[in-house]
Amino acid sequence: MEAIEKIYDLFENGGDNAYFGEAVSQKEHALQSAYAAEQEGASDALIVAALLHDVGHLLHGGPEDMADHGIDDRHEVVGRAWLARHFGPEVSEPVRLHVDAKRYLCAVDKSYEAKLSPASVLSLKLQGGPMSPEEVAEFEKNPFAQDAVRLRHWDDIAKIVGLEVPELEHHRDRFPKLLKSAHASGEAQS
Ligand code: FE
């Protein structure tokens, strides 16, 4: 339960920050991503992954314009590390891979890069640019690659100013059954 309170706390305390170079807040971006996942009939785990895909930004609390300063904050690594403590790989792995999924899509779909927002193009450069053919082959082997690509598409569209979507509370019931502590047998959780 502690993890759920932490999620609420992060959104309450950092959720109003601007979403890196975009016109929506972190919280609006997260809620729009989760709603897009829900609209496409995604599983609860993938909806939660969509909701929390940028939790690394909220956890590290760095300046919101880091990409403008040429810094890649590696938020997918920070986010994945925290999520993996509390949730299974069906939540944490799509989050870890959502930046790679952008690099993947830029490599396999030429029209994709053209549709990226300016902030996303800037961060792509910092993240290593489009994948090489070898990286593409490696990425496709990951069992969560397709979930990460779906998440990526929701991430890309979740930047609509003023779009009304359900609040965080709408998703509360999805968390408990996904928590490791819900099915751990005496395993210590931090
Ligand atoms: Fe995002």
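Numbering of ligands and ligand atoms starts at 1, following listing order. Atoms considered below: every heavy atom in the structure, side chains included; atoms not considered: hydrogens, waters and symmetry mates. If you're wondering where the values come from, they're calculated on a predicted model, not measured in any experiment.
Within the 4.5 Å cutoff, no side-chain heavy atoms of Leu97 are placed close to those of Leu151. Two residues are said to be in side-chain contact when any heavy atoms from C-beta on lie closer than 4.5 Å; Val55 and Val95 fail this criterion.
With the Fe ion (ligand 1) as vertex, His53 NE2 and Asp54 OD2 subtend 80°, rounded to 10°.
Minimum-distance N/O/S atom of Asp155 relative to the Fe ion (ligand 1): OD1. Sorting the N, O or S atoms of His29 by how far they are from the Fe ion (ligand 1) puts NE2 first.
At a cut-off of 2.8 Å, His98 does not coordinate the Fe ion (ligand 1) through any N, O or S atom.
Remark: side-chain polar atoms of Arg152 are paired, donor with acceptor, to backbone N or O of His98 under 3.5 angstrom.
Using a 30° and 60° split on the angle between ring planes, His75 and His57 fall in the parallel class, below 30°.
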